[in-house]
Structures are given as C-alpha cells and as structure tokens.
Colleague: 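Take a look at the following structure, please.
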Amino acid sequence: MASDDKPAAPVWSFCNQGSVTQVLLRNGADIAALEHLDQKLWIALAIPTRGIEFDPRTADLLDADHDGRIRPPDILAAIKWLKSALLDLEELRRGGDTLPLAVIRDPALLAGARRILANLGRTDADSISLADVTDRDRIFANTHFNGDGIITPENTTDAALAQAIRDINSTVGVKTDRSGRPGLDRELLQSFLRQAQQFLAWVARPDQDPAIAPLGVAATAKALDAVRHLKPKLDDYFTRCRLAEFDPQALAALNPDRSAYSALSGQTLYDRAEAIADLPLATINPGQPLDLQNNINPAWSTAARQLLDAALSPLRQQTTLTAADWQSLQDSLAPFAAWRQAKPENTVETLGLD
C-alpha cells in the first residue's frame, strides 16, 4: 500500500501478437485490477453480442444496456460483481463448468447454490456445475413453492384445500408447474371464482323472487316442460276454435273429415301412431273449455295428463282450459323460462351446488 492508503497501481505485462501489443491477464489479480488499465490500451472498445465465437447468453448478460454491444463499462461492471461474489478471481482462469462452493463470497449466492444442490439431492456436494443451475425442472421437481405462480395439490397438507385445487382443475383446466405436476395459476383461479359466483347468483334468483318458480324450481321446471311439449297442439286447437267462432260454417272443415278415419281403418293402430298424432288435440268446440281429462286425442292423452298434473292443477286449480286460461298459464311460467334461458355458460356446475 502507498502512503495515501490507495491501492498500488498494478504492474502490467504486455506481449505482441500479430503486430499488436496486448496486455497480459496473468492471474485473477490482473482481472480484478482491469479498471486501472488505460482504455487506450484496450484492444477493442466495443464488440457485438452476435456473430462472434462467444456464448450468446453470456454476451447478453454482459450487455447491461442491451444495445447489442459489449463495451468497457459492461466488462468492468461484470468484474465488480464477480469481486463481490467470489473470494478469488483466479477461479476464472481455471476454466471448466464447475465452481467450488469454497470460493463463493456472497452469502446469498452461496445459500442459493446450496439450495439448488439440496433440491437435486446433493447436499454433501462441495461444488456446483453449469448443468446444475440450468436444469430448472430438476431443481424445482421436489419443491413445494418454486416461484412459477402455479399451485398444485401437493403444495398443501390441508386435504380439503387439495381437493378444491383438483376440483378447479377438473372444471376450468390445468397448468403444469415446473415440477411437472398439474395445478392452477391466478388466471385459472379467477376464471373458476368468476364462473362459480355467476352460477351461484343465478341459482339464488328464484329464492329472491318467488314469481320465478312459483312451484319451486324442480316442480316449475316440470310444469314448463309439460306446457312446451303440448304447446303446438294447444295452439292449433285454440286457433281452430277461434276460426270456428269467426265462421261457424268452417267448423266441419276444422274437424277431421270422415275420410281421414276411413284411411285409418285399414291400418294397425296404436295410440302414438303418426297419423293419429296429426289429428287435432280434441274435437273443435268453440266457446267451450277444453276438458283435459276427457275426449283427448289418444296420441296426446298422456301429455294432456302431464300438463294437468304438473301445471294446470297446481297453478290454476282447474282441469279445463280456455284460450285465456292457456295464455295465462304460459304467462305465469314466462319468468321461469326467462330465468332458465339466462343461465350463464359455465364449466363449474358439474361440481354440484355443495
């Protein structure tokens, strides 16, 4: 040390190669002192990160400002970091792809190296290699929290929480974490919660508004299905009645002609035969209520009974139906039909409400 406590200036050695005088980096101390070398003596003040015989990943790390060139400040910044990280820069001259743990100065860097080795099952190792630190899949294969933003069932000892993760995966999809295990990330979790909240809000509507399901959801659904099943035939029946009221002379034409029955007489008949089903729901009788219990077309008698039992009797406490009753019955079920139509698209329903 000089008297002013400043480090003594290094003594540089030079050689001539191809008529060019170059400084010799003889040891780690020369590398550590490179900041004191006059940049007029540097062979190059900028080299590209591509098109040279040099590892491009290392070149990118050296190129701190990412301008595609490695300049003296980039080199000196790297050396400064190496001096803080290693006890001896002589290690740089030894070559190879293995670094002894004993030369690592930085406690955080040393702890990281030991953690990697522990994750790889090599807690007794005294050195770490390039292959060790670049194989991320192996590093994180046995770690619960590996920083990739994906949570797997194995990340928790809570059985209910682990099952919840599996349930979410089964409905909205899977993300694979660094260890290769299936799990979920924030995006999948938010998708699940959004769908679940929308679905549960939709399910709760009938409880909030009794007009939606006056018989309860299950029974109102049966009533609506019964109404929809018989709707084409009932609409046809009451339209024929209105036409007969408009012109009584049309009544005979609106009921099946005798020839229609003559055509049926030569066939083997059964209740649901298409030819029978095509006949009107009942004999057209304008101005009179339709009795759903009697004189209904045999092909539709079961459907009429279902309409009576599931909808008409519970909602209107009657067994006969006028055109006004029919419209009123449909109107009373319209809120339920609209609610069912508004069911949000989701994949979480398969889990069940519980």
Colleague: Counting N and O atoms only, with roles assigned by atom type, does the side chain of Thr134 sit under 3.5 Å from a partner on the main chain of Leu130, one being a donor and the other an acceptor?
Modeller: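 Flag set: sc Thr134 to bb Leu130 pair under 3.5 Å.
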Colleague: Check whether Val174 and Leu193 end up in the same hydrophobic cluster, where Ile, Leu, Val, Met, Phe, Trp and Tyr are linked by side-chain heavy atoms less than 4.5 Å apart.
Modeller: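 Val174 and Leu193: separate clusters.
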Colleague: Do Leu89 and Ile79 touch side chain to side chain, with heavy atoms closer than 4.5 Å?
Modeller: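 Yes, their side chains come closer than 4.5 Å.
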Colleague: Are the side chain of Asp185 and the backbone N or O of Gly149 linked by a donor-acceptor pair below 3.5 Å?
Modeller: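 Here the side-chain-to-backbone pair does not exist.
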Colleague: Compare all side-chain heavy atoms of Leu254 with those of Tyr237 and state whether any distance is below 4.5 angstrom.
Modeller: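 Not in contact.
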Colleague: Charged N to carboxylate O under 4.0 angstrom, Arg26 versus Asp30?
Modeller: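 So Arg26 pairs with Asp30 through a salt bridge.
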Colleague: Are any of the side-chain heavy atoms of Trp42 and Ile75 separated by less than 4.5 Å?
Modeller: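 A side-chain contact exists here, since the closest heavy-atom pair is under 4.5 Å.
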Colleague: Measuring only between side-chain heavy atoms, which start at C-beta, is Pro289 closer than 4.5 Å to Leu321?
Modeller: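 In short, these two side chains do not touch, never coming nearer than 4.5 Å.
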Colleague: So, taking the atom named CZ in Arg305 and the one named OG in Ser313, what distance separates them when rounded to the nearest 0.5 Å?
Modeller: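 Reported to 0.5 Å precision, the distance equals 7.5 Å.
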Colleague: In the single-linkage hydrophobic clustering (I, L, V, M, F, W, Y; side-chain heavy atoms under 4.5 Å), do Val20 and Leu41 co-cluster?
Modeller: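 They do not share one cluster, since no chain of ILVMFWY contacts under 4.5 Å joins Val20 to Leu41.
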Colleague: Do Val348 and Leu189 share a hydrophobic cluster, counting only Ile, Leu, Val, Met, Phe, Trp and Tyr and linking them when any side-chain heavy atoms are less than 4.5 Å apart?
Modeller: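 Yes; Leu189 is reachable from Val348 via cluster members.
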Colleague: Would you call Glu35 and Lys80 a salt bridge, using N to O less than 4.0 angstrom?
Modeller: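 Salt bridge flag = no for Lys80 with Glu35.
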Colleague: Would a 4.5 Å heavy-atom cut-off, applied to side chains only, mark Asp325 and Gln318 as touching?
Modeller: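 They are in side-chain contact.
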Colleague: With rounding to the nearest 0.5 Å, note down the distance linking NZ in Lys83 to CG in Leu76.
Modeller: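 Answer for the NZ-CG pair, Lys83 versus Leu76, is 9.5 Å.
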Colleague: Work out which heavy atom in Leu45 is nearest to a heavy atom in Gln39; give both atom names and the distance.
Modeller: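 Closest approach of Leu45 to Gln39, heavy atoms only: CD2-O, 3.7 Å.
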Colleague: Ignoring hydrogens and angles, tell me if any N or O in the side chain of Asn16 forms a donor-acceptor pair with the backbone of Ser19 under 3.5 Å.
Modeller: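 No; judged by distance alone, with no hydrogens or angles, the pair does not exist.
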Colleague: Between Trp300 and Pro280 (side chain of the first, backbone of the second, donor and acceptor by atom type, cut-off under 3.5 Å), is there such a pair?
Modeller: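 Judged by distance alone, no pair lies under 3.5 Å.
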Colleague: So which atom in Ile212 and which in Thr220 form the shortest heavy-atom distance, rounded to 0.1 Å?
Modeller: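 Closest heavy-atom pair between Ile212 and Thr220: O-CG2, 4.1 Å.
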Colleague: Per the side-chain contact (heavy atoms from CB on, under 4.5 Å) rule, which among Leu312, Leu230, Asp331, Asp235 passes with Trp326?
Modeller: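 Single side-chain contact (heavy atoms from CB on, under 4.5 Å) partner of Trp326 among Leu312, Leu230, Asp331, Asp235: Asp235.
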Colleague: Take a 6.0 Å sphere around CD of Gln249 and say whether it holds more than 12 heavy atoms from other residues, nucleotides or ligands.
Modeller: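 Open: at most 12 neighbouring heavy atoms sit under 6.0 Å from CD of Gln249.
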Colleague: With a cut-off of 6.0 Å (strictly less than), are more than 12 heavy atoms of other residues, nucleotides or ligands near CZ of Phe14?
Modeller: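 Yes.
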Colleague: Below 4.0 angstrom, N of the basic side chain to O of the carboxylate: do Asp63 and Arg69 qualify?
Modeller: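 Salt bridge: no.
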Colleague: Any luck finding a side-chain donor-acceptor pair between Arg105 and Ser84 under 3.5 Å?
Modeller: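 There is no such pair (donor and acceptor under 3.5 Å, judged by atom type) between the side chains of Arg105 and Ser84.
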Colleague: Dump the intermediate steps for side-chain contact (heavy atoms from CB on, under 4.5 Å) on Asp132 and Thr98, then the final yes or no.
Modeller: CA-CA 9 Å; Asp132 292 333; Thr98 300; over 6 Å; no
Colleague: What heavy-atom pair brings Leu307 and Leu234 nearest, and what distance separates the two atoms?
Modeller: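 That would be CD2-CD1, 3.6 Å.
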Colleague: Are Leu351 and Ser170 close enough that some pair of their side-chain heavy atoms sits under 4.5 Å apart?
Modeller: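 They are in side-chain contact.
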Colleague: Is it the case that over 12 heavy atoms from other parts of the model lie below 6.0 angstrom from the CZ atom of Arg122?
Modeller: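 More than 12 within 6.0 Å, yes.
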Colleague: For the hydrophobic clusters of this structure (ILVMFWY residues joined by side-chain heavy atoms under 4.5 Å, transitively), does one cluster hold both Leu353 and Val217?
Modeller: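 In one cluster: yes.
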Colleague: Can you see whether Thr152 engages Asp177 through a side-chain donor-acceptor pair at a distance of less than 3.5 angstrom?
Modeller: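 Short answer, no.
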Colleague: Does a side-chain heavy-atom distance below 4.5 Å link Leu117 with Thr123?
Modeller: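 Heavy-atom side-chain distance check fails, nothing below 4.5 Å.
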Colleague: May I ask you to test the Lys175-Leu184 pair for a side-chain heavy-atom distance under 4.5 Å?
Modeller: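 Result no, sub-4.5 Å side-chain heavy-atom pair not found.
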Colleague: Taking all non-hydrogen atoms of both residues into account, name the closest pair between Leu34 and Leu25 and its distance.
Modeller: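 Shortest heavy-atom separation between Leu34 and Leu25 comes out as CD1-CD2, 4.0 Å.
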Colleague: Examine distances only and state if a side-chain atom of Asn346 and a backbone atom of Pro344 form a donor-acceptor pair shorter than 3.5 Å.
Modeller: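 Checked: pair present.
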Colleague: Hey, what do you get for CZ (Phe54) to OG1 (Thr49), rounding to the nearest 0.5 Å?
Modeller: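 The distance works out to 10.5 Å.
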Colleague: Look only at the side chain of Ser301 and the backbone of Pro298, and say whether a donor-acceptor pair between them is shorter than 3.5 Å.
Modeller: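 Here the side-chain-to-backbone pair exists.
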Colleague: Run Ile150 and Asn155 through side-chain contact (heavy atoms from CB on, under 4.5 Å) and show every step you take.
Modeller: CA-CA 10 Å; Ile150 297 174; Asn155 288 141; over 6 Å; no
Colleague: Donor-acceptor check, side chain of Trp202 to backbone of Arg340, threshold 3.5 angstrom: yes or no?
Modeller: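 Absent.
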Colleague: Report the distance from atom CG of Leu188 to atom CG of Asn169, rounding to the nearest 0.5 Å.
Modeller: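 Output value for this atom pair is 7.0 Å.
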Colleague: Kindly say whether Leu99 contributes a backbone atom to a donor-acceptor pair with the side chain of Ser127 at under 3.5 angstrom?
Modeller: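 Such a contact is absent between Ser127 side chain and Leu99 backbone.
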Colleague: Counting distance only, does the side-chain N/O of Thr156 pair as donor-acceptor with the main-chain N or O of Pro153 below 3.5 Å?
Modeller: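 Checked: no pair found.
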Colleague: Heavy atoms only: give me the nearest Leu215-Ala223 pair and the separation to one decimal.
Modeller: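 Of all heavy-atom pairs spanning Leu215 and Ala223, the closest is CD1-CB, 4.2 Å.
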Colleague: Could you see if Trp81 belongs to whatever hydrophobic cluster contains Leu62? Use Ile, Leu, Val, Met, Phe, Trp, Tyr and a side-chain cutoff under 4.5 Å.
Modeller: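 Yes, it is one cluster - the side chains of Trp81 and Leu62 are joined through contacts under 4.5 Å.
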Colleague: Do you know which of Asp291, Thr302, Leu290 makes side-chain contact (heavy atoms from CB on, under 4.5 Å) with Ile296?
Modeller: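 Among Asp291, Thr302, Leu290, the one that satisfies the side-chain contact (heavy atoms from CB on, under 4.5 Å) with Ile296 is Leu290.
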Colleague: Hey, are Arg50 and Asp60 close enough for a salt bridge, meaning a charged N less than 4.0 Å from a carboxylate O?
Modeller: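 Between Asp60 and Arg50 there is a salt bridge, with a charged N closer than 4.0 Å to a carboxylate O.
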Colleague: So which heavy atom on Cys241 is nearest to which on Asn285, and how close?
Modeller: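 Smallest heavy-atom distance, with atoms named: SG-N, 4.1 Å.
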Colleague: To the nearest 0.5 Å, what is the distance between CG (Leu308) and CD (Gln306)?
Modeller: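 If I round to the nearest 0.5 Å, the distance is 11.0 Å.
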Colleague: Run Ile31 and Arg93 through side-chain contact (heavy atoms from CB on, under 4.5 Å) and show every step you take.
Modeller: CA-CA 9 Å; Ile31 297 174; Arg93 292 177 47 80; 4.1 Å; yes
Colleague: Is there a donor-acceptor pair under 3.5 Å between the side chain of Asp236 and the backbone N or O of Leu281?
Modeller: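 Absent.
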Colleague: With a sphere of 6.0 Å drawn around CG of Asn27, does it hold more than 12 non-hydrogen atoms of other residues, nucleotides or ligands?
Modeller: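 Yes - once you tally the heavy atoms of other residues, nucleotides and ligands closer than 6.0 Å, there are more than 12.
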Colleague: Nearest 0.5 Å please: distance from the CG atom of Asp97 over to the CD1 atom of Ile128.
Modeller: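 Reported value, rounded in 0.5 Å steps: 11.5 Å.
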Colleague: Start with the C-alpha distance between Lys343 and Glu349, add both sets of side-chain angles, then the distance that settles side-chain contact (heavy atoms from CB on, under 4.5 Å), and finish with yes or no.
Modeller: CA-CA 11 Å; Lys343 179 181 178 180; Glu349 183 181 2; 2.6 Å; yes
Colleague: Are Arg242 and Glu245 within salt-bridge range, i.e. N to O under 4.0 Å?
Modeller: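 Salt bridge flag = no for Glu245 with Arg242.
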